[in-house]
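Before any comments, here is the structure.
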Amino acid sequence: MSMKFAAFSCMTPDWTAEQVCIKLKELGYDGVEWTVGYQNALWDKTKEWHLSEINIEEEATKLKELCKKYNLKICSLATRVSCKEPERFERVVKAATILDCSMLRVNVPRYDLKTNYSNLYKDTIESLKKIEKICKTYKVRGLLEIHMGTIIPSPSAVMRIAEKFNPEYIGVTFDPGNMVHEGYERWQMGIEILGKYLSHVHVKNCGWFFKKVKGKKKWVCEPMSLKDGFANYEEIIQGLKNVGYNGWISFEDFRGGYCSYPVGITTEEKLKEDLLYLKKMV
């Protein structure tokens with residue numbers, strides 16, 4: 001088996017679910033990672049995109065048929081559900097089983113300087129015990145995404161939590177782009193630290209710039225191309241190969257704007273460029 005390519009539909013906010021499927025199929029993608037419960041769809045501000053939590057099981061059935069029509073696998077669901085919301089999480093898990101999707105994101109607390117990390121850590125462990133039970137019941141895996149601003153911004157930080165659980169039911173999404181913002185560790189070392197918990201990979205890139213913002217100069221981290229950003233994808237892909245990773249690579253290129261109509265580059269241009277760049281390495 002080899003690595004498979006998907007697009008996280010968060011980078012396609014200007015496309016309906018069917019438009020996402022049509023374009024991904026045309027461009028040569030293997031699958032899609034769907035957003036769940038993202039509000040204010042650009043094509044209809046009254047709707048959630050791309051999988052609505054309203055009547056979620058009915059929505060999932062429709063989405064399954066759509067993906068089947070275009071022969072696209074559903075690699076993961078990216079929810080906005082907190083680990084402190086087990087009932088809500090279980091509803092999304094039920095939808096995941098309808099979609100034949102075995103992985104979905106569950107979110108951990110942010111670190112806001114107000115609550116001591118030790119307390120956040122303990123609360124998260126207790127919350128994830130309930131999440132793990134749900135995952136075990138439905139035979140799915142909850143994904144902890146390495147993400148800036150949270151208590152898991154690096155491979156080392158996420159493993160302090162993940163290692164308390166069975167990797168069959170709690171895994172990790174490796175996200176180098178987020179680690180450019182916060183949590184950088186050598187790419188291959190980070191991959192090795194995750195070990196058997198490495199379940200999914202998000203792909204984007206960023207860089208730091210010293211620029212004027214609202215009249216004051218400050219350092220800001222902004223989206224860049226996979227080739228030009230700080231994250232070294234040659235080292236990342238080689239690191240994934242070295243550990244035998246053969247799972248999903250999911251693109252979430254936010255050049256041109258986050259969850260908005262992209263400016264200066266189209267969604268299709270990003271998807272085409274990113275896939276061509278990474279396929280050469282894989």
Is it true that Asp228 and Arg255 make a salt bridge, defined as a side-chain N closer than 4.0 Å to a carboxylate O?
-> no

Got a sec, which residues hit ring-ring contact (aromatic ring centres under 6.0 Å, His included) with Tyr29, two or more places apart in sequence or on another chain?
-> Phe251

For Asn55, all residues meeting side chain to side chain donor-acceptor pair (under 3.5 Å), sequence neighbours excluded = none

Validation: residues 206-220 side-chain donor-acceptor distances under 3.5 Å, sequence neighbours left out:
residue, atom, partner, partner atom, Å
Trp208, NE1, Val180, O, 2.9
Lys211, NZ, Glu222, OE2, 2.8

Counting heavy atoms not belonging to Glu65, are there more than 12 under 6.0 Å from its CD?
-> yes

Glu132/Lys129 ion pair, N-O < 4.0 Å | no

Just jot down the salt bridge (charged side-chain N to carboxylate O under 4.0 Å, His left out) partners of Glu26, sequence neighbours excluded, or say none.
-> Lys23

Using a strict 4.0 Å threshold on nitrogen-to-oxygen distance, state whether Lys122 and Glu126 make a salt bridge.
-> no

What pairs with Thr150 under side-chain contact (heavy atoms from CB on, under 4.5 Å), at least two apart in sequence or on another chain?
-> Val108, Arg110, His147, Ile152

Which residue pairs satisfy the side chain to side chain donor-acceptor pair (under 3.5 Å) criterion with at least one member in residues 75-87, sequence neighbours excluded?
-> Glu85-Arg88

Please list all pairs passing the ring-ring contact (aromatic ring centres under 6.0 Å, His included) test where one or both residues lie in residues 155-185, with sequence neighbours left out.
-> Tyr184-Trp187, Tyr184-Phe230

Heavy atoms of other groups near Lys272 NZ, more than 12 under 6.0 Å = no

side-chain contact (heavy atoms from CB on, under 4.5 Å) partners of Lys73, counting only residues at least two apart = Trp248

Would you say the side-chain atoms of Glu273 and Ser225 include a donor-acceptor pair closer than 3.5 Å?
-> no

Connected-component partners of Tyr261 among ILVMFWY, side-chain separation under 4.5 Å = Leu42

With clusters built from Ile, Leu, Val, Met, Phe, Trp and Tyr whose side-chain heavy atoms come within less than 4.5 Å, directly or transitively, what are the remaining members of the cluster of Leu143, listed by chain and number?
-> Met103

For Glu90, side-chain contact (heavy atoms from CB on, under 4.5 Å) partners two or more places apart = Lys94, Ile134, Tyr138

Lys270: partners by salt bridge (charged side-chain N to carboxylate O under 4.0 Å, His left out), with sequence neighbours left out | none

In terms of side-chain geometry, is the basic nitrogen of Lys204 or Asp175 positioned less than 4.0 Å from the acidic oxygen of its partner?
-> yes

